[in-house]
Trainee: 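Quick one: structure below, then a few questions.
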Amino acid sequence: MRIERNLGMNLVRATEAAALRAGRFMGRGDKNAADQAAVDAMRFTLDGVPMDGIVVIGEGEKDEAPMLYTGERIGTGEDPQVDIAVDPVEGTTLLAEGMPGAIAVVAIAERGSLYSWEGIAYMDKLVVGEAASGSVDINAPVKENIHNVAKALRRHVEDITVVVLDRPRHTDLIRQIRETGARIKLILHGDVSAGVMTSVDDPPADMLMGIGGAPEAVITACAMKCLGGDIQCKLWARNDEEQAVITERGLDMTKVYHIDDLVQSDNVFFAATGITPGEFLQGVHYYSGGASTHSVVMRASSGTVRYITSRHRWDKLMRISGVDYVHTDDSDSV
């Protein structure tokens, strides 16, 4: 069933709610409490959206954290029937340690169109923006891909910025990128934000390369559907146990998953709200009596991308929402 209604504003209310609640935990060192606050607020808001949703990409199975779990039914139960991909806090460590770049994110697409990860937590990824779409191949050498992106963008290789997660597994990848002369932006967490950054206006990065979360690959693909960018992935086993799962299920480690494998629909919505300040989205700003948020909401079928700055008044918002945005369980009332 096609999604005829524009549900984007409903989704961004859910990411705003998650960000407003989770932002209270910035720098407090408690990832699970921050995640739980975001999950509760996002679930409450999504349950009021006029849709029959099933969570296909949740967060709990991989992280053993409070979850919007895979298979959970979300929404009012009426049409349209949709798949949902959520990450109430993308970058829980960033939030807990008070570092930049944590966001709340949700995406939906027609029922049956989102790739459900196969129990393998990680994928090798290559993400580029629309101008470089079609110019890369994840099986090609690193140098060739960077040169092809430079050519597509009509720049020198030295002008290209590649985002890479700062992990020991990427030592050789980083070496190869450096040998080309391209610039590198190392990030600690948050490869959804990093992938999306390649496709926004005046992008702070041109490519994302390396191994990151498989669920995050699907969420990134939803954003790329809306923005016109490209993503390619391959399964990556981090240990012997996952390699055994791959063998048992007959999964092909050499298979390249293209964007249409990850999201088999052009009827896609994506919304995200900044929790801590970042290059992609600003963080939640609290002030007396309320807070402000910075969000993006996208629709693939129309190509519309909206950036939304919202001001929230606690006295009115909490009267109608049923969510306590002011206090956490261990905080003192004023």
Side-chain angles (χ1 to χ4, degrees), residues 57 62-63 87 90-94 99-103 105 115 117-118 120-129 132-133 135-150 152-153 157 159-200 203-224 227 229-239 242-243 246 253-259 261-262 278-280:
I57 300 296
K62 185 180 76 170
D63 296 331
D87 200 341
E90 201 238 349
T92 50
T93 298
L94 299 177
M99 295 186 288
I103 65 171
V105 60
Y115 169 82
W117 62 295
E118 305 278 1
I120 307 304
Y122 289 88
M123 281 181 159
D124 190 8
K125 308 177 193 177
L126 176 57
V127 183
V128 295
S133 182
S135 67
V136 294
D137 179 354
I138 197 169
N139 287 323
V142 170
K143 179 179 180 180
E144 181 178 327
N145 279 321
I146 292 174
H147 277 264
N148 285 344
V149 169
L153 299 181
V157 167
D159 299 332
I160 299 302
T161 301
V162 185
V163 182
V164 181
L165 278 168
D166 189 4
R167 299 289 187 274
R169 61 179 178 260
H170 289 147
T171 299
D172 188 58
L173 172 62
I174 291 169
R175 177 189 61 78
Q176 292 182 65
I177 296 170
R178 286 173 174 165
E179 287 177 354
T180 70
R183 291 153 35 101
I184 298 177
K185 180 190 294 291
L186 290 176
I187 60 171
L188 295 176
H189 304 278
D191 56 343
V192 172
S193 291
V196 176
M197 281 196 303
T198 65
S199 298
V200 299
D206 305 299
M207 308 173 67
L208 176 135
M209 302 181 81
I211 296 155
E216 288 83 353
V218 179
I219 298 174
T220 303
C222 289
M224 295 298 103
L227 293 166
D230 191 21
I231 179 171
Q232 299 175 20
C233 307
K234 295 194 296 185
L235 294 174
W236 185 80
R238 55 183 167 172
N239 51 41
E242 289 191 353
Q243 185 61 61
I246 288 171
M253 292 282 287
T254 67
K255 177 182 177 179
V256 176
Y257 292 83
H258 294 273
I259 188 168
D261 298 313
L262 300 174
E279 289 185 288
F280 173 36

Trainee: Is any side-chain heavy atom of Thr161 closer than 4.5 Å to a side-chain heavy atom of Pro204?
Mentor: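 Side chain of Thr161 against side chain of Pro204, heavy atoms only: no contact under 4.5 Å found.
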Trainee: How long is the straight-line distance from CD1 of Ile211 back to NE2 of His170, given to the nearest 0.5 Å?
Mentor: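 His170 atom NE2 to Ile211 atom CD1 measures 4.5 Å (nearest 0.5 Å).
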Trainee: Just verifying a value: how many Å separate Ile184 CD1 and Arg178 CZ, rounded to the nearest 0.5 Å?
Mentor: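 The distance works out to 5.0 Å.
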Trainee: Glu279 and Lys185: salt bridge (charged side-chain N to carboxylate O under 4.0 Å, His left out), yes or no, with the steps?
Mentor: CA-CA 12 Å; Glu279 289 185 288; Lys185 180 190 294 291; 3.1 Å; yes
Trainee: Can you confirm whether Pro203 sits close enough to Thr198 that some side-chain heavy atom of one is under 4.5 Å from a side-chain heavy atom of the other?
Mentor: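 A side-chain contact under 4.5 Å is absent here.
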Trainee: How long is the straight-line distance from CD of Gln176 back to CD1 of Ile146, given to the nearest 0.5 Å?
Mentor: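 Atom-to-atom, Ile146:CD1 and Gln176:CD are 8.5 Å apart.
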Trainee: Please test Val157 against His147 for side-chain contact (heavy atoms from CB on, under 4.5 Å), starting from the C-alpha separation and ending with a verdict.
Mentor: CA-CA 6 Å; Val157 167; His147 277 264; 3.5 Å; yes
Trainee: Of all the heavy-atom pairs spanning Tyr115 and Val218, show the shortest one and how long it is.
Mentor: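 Closest pair (atom of Tyr115, atom of Val218, distance): O-CG2, 3.6 Å.
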Trainee: So with a 6.0 Å cut-off around NZ of Lys143, is the heavy-atom count from everything else above 12?
Mentor: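 No, not enclosed.
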Trainee: Would you say the side-chain atoms of Asn145 pair up with the backbone N or O of Val142, donor to acceptor, closer than 3.5 Å?
Mentor: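 Not at all, since once roles are kept as given, no pair shorter than 3.5 Å links the two residues.
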Trainee: Under 3.5 Å, side chain of Glu216 to main-chain N/O of Tyr122, donor-acceptor pair present?
Mentor: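 No, Glu216 side chain to Tyr122 backbone: no donor-acceptor pair under 3.5 Å.
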Trainee: Is there a side-chain contact between Gln232 and Asp137, using heavy atoms and a 4.5 Å cut-off?
Mentor: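 Contact flag for Gln232/Asp137 side chains = yes.
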Trainee: Could you report the tightest heavy-atom contact between Ser193 and Ile103, atom names first, then the distance?
Mentor: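 Reported closest heavy-atom pair: OG-CD1, 3.3 Å.
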Trainee: Provide the closest heavy-atom pair for Ser199 versus Gly229 in the form atom of the first, atom of the second, distance.
Mentor: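 That would be OG-CA, 3.9 Å.
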Trainee: Using a 3.5 Å distance criterion without hydrogens, assess whether the side chain of Arg238 forms a donor-acceptor pair with backbone atoms of Gln243.
Mentor: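 The answer is no, because no donor-acceptor pair under 3.5 Å joins these two groups.
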Trainee: Of all heavy-atom pairs between Leu94 and Gly101, which one has the smallest distance, and what is that distance?
Mentor: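 So the two residues come closest at CD1-C, 3.8 Å.
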Trainee: Rounded to the nearest 0.5 Å, what separation is found between the CD1 atom of Ile219 and the CG atom of Asp87?
Mentor: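 So the gap between those two atoms works out to 5.0 Å.
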Trainee: Drop me the distance from Met253's CE to Ile246's CD1, to the nearest 0.5 angstrom.
Mentor: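 One gets 4.0 Å once the value is rounded to the nearest 0.5 Å.
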Trainee: With a 6.0 Å cut-off (strictly less than), is the heavy-atom count around CZ of Arg183, excluding the residue itself, greater than 12?
Mentor: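 For Arg183, atom CZ is not crowded (no more than 12 foreign heavy atoms under 6.0 Å).
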Trainee: Measure the shortest side-chain to side-chain distance between Leu186 and Ile174 over non-hydrogen atoms and say whether it is less than 4.5 angstrom.
Mentor: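 They are in contact (side-chain heavy atoms under 4.5 Å apart), so the answer is yes.
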Trainee: Could you go through the side-chain contact (heavy atoms from CB on, under 4.5 Å) check for Val164 and Ile177 one step at a time?
Mentor: CA-CA 10 Å; Val164 181; Ile177 296 170; 3.7 Å; yes
Trainee: To the nearest 0.5 Å, how far apart are CE in Met209 and CG in Asp191?
Mentor: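 Met209 atom CE to Asp191 atom CG measures 14.0 Å (nearest 0.5 Å).
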Trainee: Counting C-beta onward and ignoring hydrogens, is there a side-chain heavy-atom pair between Met197 and Leu208 closer than 4.5 Å?
Mentor: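 Side-chain contact under 4.5 Å: no.
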Trainee: Of all heavy-atom pairs between Asn139 and Lys234, which one has the smallest distance, and what is that distance?
Mentor: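 Taking every non-hydrogen atom into account, OD1-NZ, 2.8 Å.
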Trainee: So which heavy atom on Trp236 is nearest to which on Ile120, and how close?
Mentor: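 Closest heavy-atom pair between Trp236 and Ile120: O-CG2, 3.5 Å.
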Trainee: So Ile231 and Ile259, do their side chains get closer than 4.5 Å, heavy atoms only?
Mentor: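 Touching, per the 4.5 Å side-chain cut-off.
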Trainee: With respect to Met207, which candidate in Leu153, Ile160, Val163 satisfies the side-chain contact (heavy atoms from CB on, under 4.5 Å) definition?
Mentor: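 It is Ile160; the other options fail the test.
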